[in-house]
Amino acid sequence: MGCGGFGDGEPMRILKRLGLLALVIWLAASLNFVLPRLTDRNPIEEVIAQAMGESGGTMQGIDQIVAAYEARFGMDQPLWKQYFYSIWDALRFDLGISISFFPEKVSTLVLEALPWSMALLGTATLFSFIIGTALGAATVWPTAPRFLTWFVPLVMVLAAIPFYLIGLLLIVIFSNWLNWLPSGGGYSPGTIPGYSWSFAWEIFLHSLMPAASILLASIGLWALSMRGMMVTVQGEDYMVLAKAKGLKSWRRFWRYAVRNAITPQITTLVLAFGNIVTGAVLVERIFGYPGLGNLLYQAILVVDFYLIFGCVYLLILTIGISLTILDLIYPLIDPRIRAQTYG
Amino acid sequence: SAQSIKDVPRERTLVQMGWSQGAPTLKTPRNANYYNLAGEYRNGHMHHFEPLFFFNNFTGEVIPWLAESFEMSEDNTSVTVHLRDGAKWSDGEAFDAEDVAFTYNMLLENGRGTGDMRKSVEVATQVDSVEVIDPLTVKVNLAGPDPRYPFRQLINYFGHGLVWVPEHIWKDVEDPATFTWYDEEKGWPIGTGAWKAVSAAPEQIILDRRDDWWGAEAGFRDLPAVERIVSIPASDNTRMAELMINNEADATMSMSSPALVERALAQNEALTTFTGNEPPLGNMDWWPHALYFNHAIEDSPFQDKRVREAVRFAIDRQQIIDFAWDGANTPNPWPYPAYAPLVKYMEASEDIVEKHRAAEHNLDETARLMEEAGYEMSDDGLWEKEGECVGGPIETHQNLAGIGQIIVQQLINAGFCAEFSQTPESFDKFRNGESVWHIFGHNGGSVFDPVDTLRMYTTPNVMPIGTSTMFVARWSHPEIDRLVAEMQTIPPENFDEILPLFREAMDIWFGEVVEVPIEQAYHLVPMNTTYWTNWPSEDNPYTPPCISCFISGWGSYLPHNLVPAQS
Amino acid sequence: MSRLIATGMRVEFFTDEGIVRAVDGVDFSIAPGVRVGFVGESGSGKTTTALALMGMIEPPGRVTAGSALLDGTDLLKLSEDEHQRVRLKEVSYIPQGAMNSLNPVMRVADQVVDGMTDHGLKLSRNDKRDRAMQLLDKVGLSPDVARMYPHELSGGMKQRACIAIAIALGPKLIIADEPTSALDVITQRRVMETLGELQAELGASLILIGHDMGLMAQFVDDIMVMRFGKIVEQGPSRTLFKNAAHAYTRTLIESVPSLTSRVSAETAGSAIGATATSAPLPDATPGMNSAAASSASGHTAIAESRLRSTTHTPKPATLRIEQPLLELHAVAKTYGRGLFRGPGTKALLPLTFTLRGDRPLVVSIVGQSGSGKTTLGALILGFQDPTSGAVRYRGQDIAEFTGTQTKAYRREVQAVFQDPYAAYNPFYKVDHALVEPLGNFGLASGRDQLYGAMQKACTSVGLDPAQTIHRFAHQLSGGQRQRLMVGRAIMLAPRLLVADEPVSMVDASLRSTILANLKQMKDQQGVSILYITHDLATAYQVSDYLLVLYKGRVVEAGEAETVIKDPKHPYTQLLVDSIPWPDPDQAWGSQDTISHELAELDRREAARAGRHDATLIRSTIEGFALAA
Amino acid sequence: MPMARMLGSQTPVTPADEAVEQVSDWGTRRRRFRTVGLYFKRNPSLTVGLVLLVLLALVALAGQLVIDPRIVNPLSNPPKRPPSLDFLLGTDSQGRSMLGILIVGTYLTCKVGVIAGLIGVFLGTIFGFLAGFYRGWIDSVISTITDVLLTVPPLLVLVVIAANLETKLNTNQMAIIVSLLAWREPTRQIRSQVLIMREMGYVQTARLAGTSTLGIVFKELMPNLLPYLMASFVLATATAMLASVGLEALGLGPQNEPTLGMTIYWAMYEGAFLLGLWWWVLTPVIALVILFVGLYLVSAGLDELANPRTRRRGA
Ligand SMILES: Nc1ncnc2c1ncn2[C@@H]1O[C@H](COP(=O)(O)OP(=O)(O)OP(=O)(O)O)[C@@H](O)[C@H]1O
Ligand SMILES: Nc1ncnc2c1ncn2[C@@H]1O[C@H](COP(=O)(O)OP(=O)(O)OP(=O)(O)O)[C@@H](O)[C@H]1O
Ligand SMILES: [Mg+2]
Ligand SMILES: [Mg+2]
């Protein structure tokens, strides 16, 4: 048994957690190095065969070309060496060059797609978290408005429908019938990107439907799990005292009930934010939205080792770091969680 | 540089779609190097470049562009090309024989060496050397006699033809295979085309008309009316349809759902297609679809010709077309597209199809053949020998999933244990010979005479399993080797000379049941007449309507011909 | 003129088992500025009455009849919004489960002031802090507490925080539901003084619900005695204490233990016999046949029979018998404060003692609220790891127990927790708390055995099993929950029992029964008991040895007789001096206000600056050795 | 409520007598039935939810006995027929009967979803509880593994597995793959709550009762998280189904089985929305909606179990 939470145990605890973070990053990087290679596919050959095939070529000399490119990418090296270099490069944030987008740098590709994903999924996730959590909490709140009793099941109905279907439906309604919103894309064809209000408005308009479809479909899920926690919390004695104190309903709701029920939701939120960097392939595809999900998808389709690794590395860092922070601040989110040293 | 981009009204802008393989982004927007293997030239950058000749595959007409003419030597071992006077690169340098020779030599060197540039190996196998005769004349010495050589590398259509690079810049490029040829600061890429990129991102590439385009200056052609081309990612069928319905785009990439095209036409009256509102709502493409057997797998049940024939009888082409095309396609027992020059050959050989009953659907025949081959019908309704059924996953090309499912079901109904398979790996699997049977098209086949398709069934083009190839039957025949060798020496226009050879080869081909051709391929490309008219159509078939479908083909030819709908 | 007039109040709970009429036609009235005490049997409906006045009877319970006019407004008929405005501002409430009633994720200060903000007080940040500190100071909590979270407070500290909340807005009526059940008498006195002052200042009325007849005698003007949901007797406290009319009231007053004579178990038992809920002593061990029980005359026989009846626990092989039962070696505990929050709290300074266990003893631990009593218990039970030192059970460090050893240890060492509100799993009905250990320790199996054991457990603490075991914890009154936990401990007949304020919520008559039962268990079954309490009188009555804890340190120790009759340490002196006597005419402590005296004590302690005197060991006793 | 009021005002209450009569049935089967029965009576949403789920199960299981299973094959019907007497729910563009898909597809998809949801929540619960409760090295190990696996994109796993399978993926394999990934989030979420719950008073009571650590985890803590676990189950099922639908939509699913996901994929692929073939999309969606609403209602109906205080009405 450890030394139950010394004031001076803190730095040690943080250090240990950081150590674990390093371990997670290393293990995850290794795993994601190995996984694509388990497919036994050769992305270089695939890309080249594709390129040559499309040009009506006869694939003469393809082996030679493949070999030349393999050398370029260091794929002729023994696997352990490749592994070593991958990890070493990753440490230096040098993610190398993409095979399928050769000779584009992985980092360029990722950084180009990242803002789109962050803007779309970041806001959609945040909003669906807020709305869903509030709704879910409110459904089991005794004095909540009546309409919630049928509204939340309705939201659940939406959660049952895959969000890409909702997306398609939105397009048919708002774009094809009503012609209110553009059917997709990051901005309208021909618009020249720039730092202007009109461009920001464009982006906003274009992100409305994809965001709405994610929002509509995920609110119910957030609501559901929040609801579950709220039920438990409502039985607590502090809710009785809160009432006896004559607190306003909103304060009892937010500061007492929701505040106590929210820890697992926050965990989920952190995970969801981590997942922003994997993007939402299907939404991106349906709305022609240029995010990371699609990039990763394209990378996976041809098992572009380097691009996969680049995308996943971003994921590793976001998930690893955000979970570490989360672990460290759990005692702040809920002080009952004892700040304990591991081991 | 974003600030310096001028405003162009929508009615002078052409919004077209670039190749994106279903993705919502353009591939490699900042890579305009056609010869880079991962570079995607069809994303919009093709408008920078012009070929020596275009080709009208519908009429067989060769359209001179950067060049005025070519002639083949008597013995078919060299071609002399006469370039047009006054052609210029966008930086003002003249486009001349040196540039053509430089491009050739670069490819020859690469093709003989690492071979990691697009088409370099192909060029190196077909070309021996290049001579600059004078600034406007260049002579290409071939590796052997080949009357069709111009149609392989000098004339641009479908996947054929080369893209020229300016010697004065590329001579300093260290590694042309990885060179990206894009730099807004330096004004790269430098092409001869009438449009030039002003901005390139995965979301769109914007190309503006150069008012100093050489063609107008030299009096070759008027300046095109299209002042700006915006190339956006095509994404998938549904999205293409939506963009068209909402007037957000002027032309699509090739769509694979006739129903969706029909729907789009119904929703937006301004839309039209190559065949107007009539089926098949598109133009015929060069790769008729077929069910292939992989002949290289030695223990495959399809090594037995009777089994292959049983499969052929099991296929009901009309039903496929009824389901997948609402009837708007033509059953096709041939491995050829029905282009006028080829139709002549096929019409003259109908009797061979009859003889081999190659177009017939007859399940009784299937049963007879299977029993003959020693199979028995199991309780599950499958043909079995020693407990093994005949079939396995049919790897299907992504554009052919629609017919794929139907073919699979027909085969299942006929007693074959077929499984539908369309995964990201499918293409790779059958290219590498890892699948038993697959659904694909005759990519790289004939357009104007039968040789190119028949070449697919010659010994040099049969790749061992594990080596990637587009000729996925992996089948050859010594007689066909011989016949093709003979045909290759005959100029394509000599129909009478080629026909008997063709008939002989096809007799063997049908007799051996090499594969089961299914249907014609169509490019379904809705075009929007709100801003632009004079789109290519059946009545005015000046070029295929799909602007970005082809790896080397027409590219900028179509925009040159567009006429504004609103003045 | 009356401030509150309640007539015919009736509250019913509609349960699966039928309707429970918790309050059955209660009438009373309270004049402004008057302190009224509600006493009565545990489960008699005191809390329910209070909740009804607060408008906080939750479905499936309902106020089915009656009215309660507060200055003319009927509290029972207010809408939820109106009620919200009335609560805290007009009527404030200190819940019985105060220890479990603070929001675990908010700092104490915020919980003190948020009620004010919600009643329209606009306070700046600094105002808020100052107000909170002032209020906390009034209930004897240090300013540090303001920044702490509830789980960092001791039971009594939490209770005081709740009191601070209740007095924040100077209401017309304060309902205090056992507000001092976890407070040592000194703190209790101080808090009650504060309440009294405030009430006098505001002219507020006060309802004090409680079981402490001494406190009642000292503090309230009128007393209402409740039983079975009815008020059986009411009147001025002086009259009531002098000549009570109702038999139950008399029992209540008579059964209050005093420091004059130590009552034997037998007398207590017979005294209780007169009350309605007679509490027969349980048979020694569930599952043991009665012949063995009646023939049992010494602990050898008991031990034997226990071994017989519980064949696989405890295993003598895993725990060495020849070693002392419990040893503490310089055990100390410092609580950390988590991330970047300053130094920790020294809850317990190094403490060393040995409890041999061959001779059963009741060792009482009394002391200041927050002095580390619960912490000590938790250390012994292994729920907290000592910061330094070691706890040994039968010679082995409990931190190094293996799985089977832990189980054997659990079998032999039981506890009653200070807070009966937190002790039950809300998911289960309360029978779960009894069935679990019976099953785990193999004490009983099958419906009949289990039910029999539970029945005994209930009756040993005066509970009706039929009305208890089918309920969820929240359907029981505070005292009922507490009693059931004690009953559970008795049922399990351990070797060592750590009882943390086990009878703080139980009325006087039951209290003596239960203590007598505990004592009997000790004598008959050789159970040693660590009795943590603030009730010096009961400590005096039942304990063999007494430790006085002050600021994490044992300041004085000795036999109960010696220490209480003749306290030597100033803190002990103050403690004994502060005992409220169940006689309205006997003054409560000296004339000085308690805060003054406490301050004096603290100043003297501080003057010694960390240099502690050795424990005053007044006398020793066989079987228990305390290091000075 | 009216009924309760009547009781309250008319029945003279004699708690002791009544209780004595009932006490004898503690722990008997009759008592348990009664408790369960009353529970259902008080919580109609549980009943409604269960009815929906049973209905769906009936359609999926019994339906398979009624219909000819071949009607879900392409070519078995004329294509693109709207719902009519001949084609009850219409047909898709390949000639599959949507009625057949409702039956077979629901079965297949629920199989994947429910298997994955169950395995996911089961593993997630176990790991989450162990990590949160034991803390120490167990926590470090579980959390580290979870964190590492959280970084693996499901798509990648699928591609890897698809590449290594000899035959085409079937729904059972799909279920296992999806469930192998479905436990990661629940583990993390549940752990975070257990970190709080382990400090609860009743945990100490249970420890005193000699309840083993596993016992505490499963008997004491888990029931209190029941609504949350139920929600997690619904979530995991949803995620699993949507993931499988999503993976199918990328061509990585069991393509030869008419799951709801494949149906949606084909509908999307063919642009059923634009084409106005609403029945094609609606059929799978209705099945999903019934499943979800059913699960939701069941989870709502379990509230009182986890928190008896939420009980609102008298029996
Ligand atoms: N988990 C904790 N974290 C930090 N401090 C704590 C914690 N638990 C107790 N303390 C502090 O330790 C001290 C002793 O607490 P303990 O609960 O042992 O007191 P106690 O003697 O039982 O008091 P009471 O009679 O009021 O219950 C108090 O000052 C309290 O604030
Ligand atoms: N929610 C409930 N459901 C059913 N019965 C209840 C409920 N709450 C309280 N009771 C019962 O009502 C009676 C009165 O309880 P109450 O809490 O008012 O007692 P009390 O007088 O405060 O007792 P104590 O002194 O033990 O706190 C008790 O018998 C109790 O079991
Ligand atoms: Mg009470
Ligand atoms: Mg305490």
Side-chain angles (χ1 to χ4, degrees), chain C residues 12-21 24 58-60 62 64-65 100 104 151 313 378 381-383 403 406-407 410-411 413-415 417 419 421-429 431-433 436-441 447 450-451 454-455 464-467 469-470 472 474-475 485 488 492, chain D residues 1 3-5 7-9 11-29 31 34-35 37-39 42 196 199-213 215-216 219-226 305-315:
Chain C
E12 289 167 316
F13 292 98
F14 300 87
T15 70
D16 284 356
E17 275 65 50
I19 298 164
V20 175
R21 189 164 292 165
D24 190 6
E58 297 289 339
R62 221 170 47 238
T64 49
N100 199 31
H151 74 279
T313 50
L381 294 168
F383 292 158
T406 305
K407 191 157 180 194
R410 292 281 176 237
R411 172 68 195 89
V413 180
Q414 281 296 320
F417 296 121
D419 181 5
Y421 279 75
Y424 292 91
N425 191 335
F427 180 80
Y428 294 105
K429 298 191 170 169
D431 58 353
H432 177 79
E436 263 303 281
L438 288 175
N440 283 335
F441 297 136
R447 195 197 89 85
L450 286 170
Y451 186 68
M454 286 197 290
Q455 206 163 25
D464 175 358
Q467 286 204 316
I469 55 175
H470 290 302
F472 290 102
H474 75 274
Q475 295 174 312
M485 274 296 156
R488 173 180 181 273
L492 295 174
Chain D
M1 282 310 239
M3 153 108 151
R5 181 169 297 134
L7 272 178
S9 54
T11 326
V13 187
T14 46
D17 295 358
E18 204 185 348
V20 165
E21 185 216 327
Q22 280 170 10
V23 85
S24 52
D25 71 351
W26 181 88
T28 57
R29 180 168 302 160
R31 163 125 214 144
R34 200 173 101 87
T35 313
L38 288 173
Y39 191 94
R42 280 195 311 269
I196 297 171
E199 309 290 333
M200 298 267 176
Y202 58 79
V203 172
Q204 299 194 338
T205 307
R207 284 219 219 163
L208 275 189
T211 310
S212 62
T213 314
I216 291 179
K219 280 203 289 209
E220 305 288 329
L221 298 182
M222 199 130 93
N224 280 292
L225 266 189
L226 204 73
L305 207 57
N307 177 8
R309 282 200 203 191
T310 56
R311 204 177 122 182
R312 298 265 142 218
R313 53 180 101 195

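Each chain gets a letter, A, B and so on, in the order the sequences are listed, and its residues count up from 1.
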Distance (rounded to the nearest 0.5 Å) between [X] [atom1] and [Y] [atom2]:
X: Lys429(C); Y: Thr35(D); atom1: NZ; atom2: OG1; result: 5.0 Å
X: Leu221(D); Y: Phe427(C); atom1: CG; atom2: CZ; result: 12.0 Å
X: Ile216(D); Y: Asn425(C); atom1: CD1; atom2: CG; result: 10.5 Å
X: Glu220(D); Y: Glu436(C); atom1: CD; atom2: CD; result: 5.5 Å
X: Thr205(D); Y: His432(C); atom1: OG1; atom2: NE2; result: 9.0 Å
X: Leu305(D); Y: Tyr428(C); atom1: CG; atom2: OH; result: 9.5 Å

Legend entry - Atom group of Phe13(C) that falls short of 4.5 Å from chain D, counting heavy atoms: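 No part of it gets close to chain D.
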
Legend entry - chain D contact via Tyr424(C) - side chain, backbone, both or neither, heavy atoms under 4.5 Å: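 It is the backbone, since no side chain atom gets that close.
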
Inset, instruction - Go through the steps for Val203(D) and Phe383(C) under the test side-chain contact (heavy atoms from CB on, under 4.5 Å), then give the verdict. - result: CA-CA 10 Å; Val203(D) 172; Phe383(C) 292 158; over 6 Å; no

Legend entry - With Asn100(C) via side-chain contact (heavy atoms from CB on, under 4.5 Å) - residues at least two apart: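 Applying side-chain contact (heavy atoms from CB on, under 4.5 Å) to Asn100(C) gives Asp237(A), Asp419(C), Tyr421(C), Ala422(C).
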
If every non-hydrogen atom of [X] is compared with every non-hydrogen atom of [Y], which pair is closest and at what distance?
X: Asn440(C); Y: Ala209(D); answer: ND2-O, 3.0 Å
X: Val413(C); Y: Leu208(D); answer: O-CD2, 3.9 Å
X: Arg207(D); Y: Gly382(C); answer: NH1-O, 4.1 Å
X: Gly210(D); Y: Arg410(C); answer: CA-CB, 4.1 Å

Inset, instruction - Counting only heavy atoms closer than 4.5 Å, note whether Ser212(D) contacts chain C via side chain, backbone, both or neither. - result: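 For Ser212(D), no heavy atom lies under 4.5 Å from chain C.
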
Legend entry - Among the listed options Gly439(C), Pro104(C), Ala415(C), the residue most often paired with chain D at heavy-atom distances under 4.5 Å: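 The residue among Gly439(C), Pro104(C), Ala415(C) with the greatest pair count is Ala415(C).
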
